[in-house]
Enquirer: 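Here it is, the structure in full.
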Amino acid sequence: MPELPEVETVRRGLSGLITGRIVKEVTHDTPKGFPNAQKDVEEFLLGAKVTDVRRRAKVLLIDLSTDYTLVIHLKMTGQLVYRGDAVFGAGHPNDSLIGELPDRSTRVVFTFEDGSHLYFNDQRKFGWVKLIPTLEVPNIDFMKKVGPEPLAKTFSADDFKTRFTRRPKTSIKAALLDQTVVAGVGNIYADESLWGAKIHPLRLVNTLSTQEFKQLYQELRAVMNLAIQKGGSTDKNYVNAEGKRGSYMDFARVFRREGKPCPRCGTTIIKFKAAGRGTHICPYCQKS
DNA sequence: CACTTGACCTGTCCGC
DNA sequence: TGCGGACAGGTCAAGT
């Protein structure tokens, strides 16, 4: 599921819901990387207080008072849903896109001292959960390789263009999806931003003009900011920390809109495969 | 080496 | 209805 806007939406929700809570119990069916050591769970997770919830790229970082951090990647179908008690808690089941928890895709259940729960669900089991010292988070493989945050205030159009010089002969779509170029872009926002900038996804990186990179930079930031404002995109699985859907798909211009008219020119949107992924374009606006 | 293609998993949808 | 195949928001390892 989640790309940067979805993970950021989960982060914001979780931050308000779990910060300050103390972990009392953890049950799990050993999702990838967890627990790296049962001893660590007992020593650095049980009894720990949540001090902060951060995000880097598509990864969530739940900092603990023990100076350990839960590092969580939701991959395609991961969900992190908080449930308070049945009567007064946040995210009453009736408000939710999903039903009673735990359910058959629940992999980890964190129980807090006040009796509330945080559920990690992951239908396809691609996601991972690691418990590592906070100071070592920047040293894990993913963090060492991942590119800059595209929404950072200091990240300029020039910076954006320069990042792509490392992938000169690949398609612009493959480069956008490459997390070492720029962090957080996935299939939805790649298609949406390429449509916005009127660039065909299969154009090779070294054929784009400076002006086109500038357009793409602006469109990517605009589309991601809008998506955060709308609480992310729910196509199927994605939900926020309260189990509720995001509404960006109501505003999507090309993604999953094949057969419908381009909102700019009316030409029928088509779908094909690019960089191994389903790809949506307006064939009139985005010429190869 | 740079780039593209499978593999990882489960579930759903679509055509025969 | 049943069944096979394609496909799904991501990232690696293994291929070419």
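Naming: A, B, ... by sequence-line order, numbering from 1 per chain.
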Enquirer: Atom NZ of A:Lys173 to atom P of B:dC3: distance rounded to whole Å?
Expert: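 Taking NZ of A:Lys173 and P of B:dC3, I get 18 Å after rounding.
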Enquirer: Considering only atom P, compute the distance from B:dC9 to C:dA14 and round it to an integer number of Å.
Expert: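 Those two atoms are separated by 14 Å.
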Enquirer: Checking all strands, does A:Gly276 fall into the base, sugar-phosphate, or nothing category for heavy-atom contacts under 4.0 angstrom?
Expert: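 Touches nothing.
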Enquirer: P atom, C:dT1 versus B:dT10: distance in rounded Å?
Expert: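 These two P atoms come out 27 Å apart once rounded.
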Enquirer: So, is A:Thr170 near the phosphate of B:dT4, with a side-chain N or O under 4.0 Å from OP1 or OP2?
Expert: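 Yes, A:Thr170 has a side-chain N/O under 4.0 Å of OP1/OP2 on B:dT4.
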Enquirer: Roughly how far, to the nearest 0.5 Å, is the NZ atom of A:Lys271 from the CZ atom of A:Arg277?
Expert: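 Answer rounded to 0.5 Å: 10.5 Å.
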Enquirer: Should the pair A:Arg54-A:Asp63 be classified as a salt bridge under the 4.0 Å nitrogen-to-oxygen rule?
Expert: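 Salt bridge flag = yes for A:Asp63 with A:Arg54.
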Enquirer: Any salt bridge linking A:Asp191 with A:Arg253? Criterion: basic side-chain nitrogen under 4.0 Å from a carboxylate oxygen.
Expert: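 Judged by the 4.0 Å cut-off on N to carboxylate O distance, A:Asp191 and A:Arg253 do not form a salt bridge.
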Enquirer: Taking 4.0 Å as the cut-off, does a side-chain nitrogen or oxygen of A:Lys32 come that near to OP1 or OP2 on C:dC12?
Expert: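 A:Lys32 to C:dC12 OP1/OP2: no side-chain N or O under 4.0 Å.
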Enquirer: Could you check which nucleotide pairs with B:dT12 in any of the strands shown, counting Watson-Crick or G-U wobble with both distances under 3.5 Å?
Expert: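 Pairing partner: C:dA6.
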Enquirer: What's A:Ser233 touching, base or sugar-phosphate or nothing? Going by heavy atoms closer than 4.0 Å.
Expert: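 Base contact.
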Enquirer: Hey, which sits more toward the 5' end of DNA chain C by its nearest nucleotide, A:Asp141 or A:Thr234?
Expert: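 Mapping each residue to its closest nucleotide by heavy atoms, the 5'-most match is A:Thr234.
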Enquirer: For A:Gly232, which contact category applies under a 4.0 Å heavy-atom criterion: base, sugar-phosphate, or nothing?
Expert: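 The answer is nothing, as A:Gly232 stays clear of every strand by at least 4.0 Å.
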Enquirer: Distance check needed: B:dA7 C1' versus A:Lys125 NZ, whole Å only.
Expert: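 That distance rounds to 16 Å.
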Enquirer: Measure from the side chain of A:Ala174, starting at C-beta and using heavy atoms only, and say which of B:dT4, C:dG10, C:dG9 lies closest.
Expert: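 In terms of side-chain proximity for A:Ala174, the closest of B:dT4, C:dG10, C:dG9 is B:dT4.
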Enquirer: Check every strand shown and say whether A:Lys236 touches a base, only sugar-phosphate, or nothing at a heavy-atom separation below 4.0 Å.
Expert: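 Base, at least one base heavy atom under 4.0 Å.
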Enquirer: The side chain of A:Lys271 is closest to which nucleotide in this list: C:dA8, C:dT11, C:dG9?
Expert: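 Looking only at heavy atoms from C-beta outward on A:Lys271, the closest nucleotide is C:dA8.
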Enquirer: By nearest atom, which of the nucleotides C:dC7, C:dG9, B:dC3 is closest to the A:Glu3 side chain?
Expert: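 Of the candidates, C:dG9 comes closest.
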Enquirer: Between C:dG9 and A:Arg277, is there an OP1 or OP2 to side-chain N/O distance shorter than 4.0 Å?
Expert: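 Yes, within the criterion.
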Enquirer: Salt bridge or not for A:Glu212 and A:Arg203, using N-O below 4.0 Å?
Expert: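 So A:Glu212 pairs with A:Arg203 through a salt bridge.
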Enquirer: Any side-chain heavy-atom pair from A:Ser171 and A:Pro201 closer than 4.5 angstrom?
Expert: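 No, side chains not in contact.
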Enquirer: Would one find a side-chain N or O of A:Gln179 under 4.0 angstrom from OP1 or OP2 of C:dT11?
Expert: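 A:Gln179 to C:dT11 OP1/OP2: side-chain N or O found under 4.0 Å.
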Enquirer: For atom P, what is the distance between C:dG5 and B:dA7, given to the nearest Å?
Expert: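 About 15 Å, rounded to a whole number of Å.
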Enquirer: What contact category does A:Phe255 fall into here, base, sugar-phosphate, or nothing, at under 4.0 angstrom with non-hydrogen atoms?
Expert: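 Here A:Phe255 touches the backbone only, sparing every base.
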Enquirer: Could you state the CG-C1' distance from A:Leu74 to B:dC8, rounded to the nearest angstrom?
Expert: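 Roughly 17 Å, once rounded to whole Å.
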Enquirer: Give the rounded distance in Å between these two atoms: NZ of A:Lys273 and C1' of C:dA8.
Expert: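 Taking atom C1' of C:dA8 as the reference, NZ of A:Lys273 is at 10 Å.
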Enquirer: Do A:Phe34 and A:His28 have ring centroids that are under 6.0 Å from one another?
Expert: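 Under 6.0 Å, so yes.
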Enquirer: Report yes if at least one side-chain N or O of A:Lys169 is closer than 4.0 Å to OP1 or OP2 of B:dC3; otherwise report no.
Expert: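 Negative; the distance criterion is not met.
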Enquirer: Roughly, in whole Å, what's the span from CD in A:Glu258 to P in C:dA8?
Expert: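 Taking CD of A:Glu258 and P of C:dA8, I get 9 Å after rounding.
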Enquirer: Using the aromatic ring of A:Phe126 (for Trp, its six-membered ring), decide whether it stacks on the base of C:dG10 within the limits of 5.5 Å and 30°.
Expert: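 Stacked: centres under 5.5 Å apart, planes under 30°.
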Enquirer: Quickly work out the A:Arg166 CZ to B:dC3 C1' distance and round it to whole Å.
Expert: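 Rounded to the whole Å, the gap is 15 Å.
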Enquirer: Within the pair A:His73 and C:dG10, is there a side-chain N or O less than 4.0 Å away from OP1 or OP2?
Expert: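 It does not, given that no N or O in the side chain of A:His73 lies less than 4.0 Å from OP1 or OP2 of C:dG10.
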Enquirer: Can you spot which of A:Val109, A:Leu101, A:Leu80, A:Val108 makes a side-chain contact (heavy atoms from CB on, under 4.5 Å) with A:Leu118?
Expert: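 Single side-chain contact (heavy atoms from CB on, under 4.5 Å) partner of A:Leu118 among A:Val109, A:Leu101, A:Leu80, A:Val108: A:Leu80.
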Enquirer: Once you round it to whole Å, what is the distance between P of B:dC8 and CZ of A:Arg124?
Expert: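 Distance check: A:Arg124 CZ to B:dC8 P gives 13 Å.
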Enquirer: Counting the atoms with a prime plus P, OP1 and OP2 as sugar-phosphate, which does A:Arg104 contact under 4.0 Å by heavy atoms, base, sugar-phosphate, or nothing?
Expert: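 Sugar-phosphate: the residue A:Arg104, judged by heavy atoms under 4.0 Å, touches backbone atoms but no base.
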Enquirer: Round to a whole Å and report the spacing from NZ of A:Lys144 to P of C:dT11.
Expert: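 So the two atoms are 18 Å apart, to the nearest Å.
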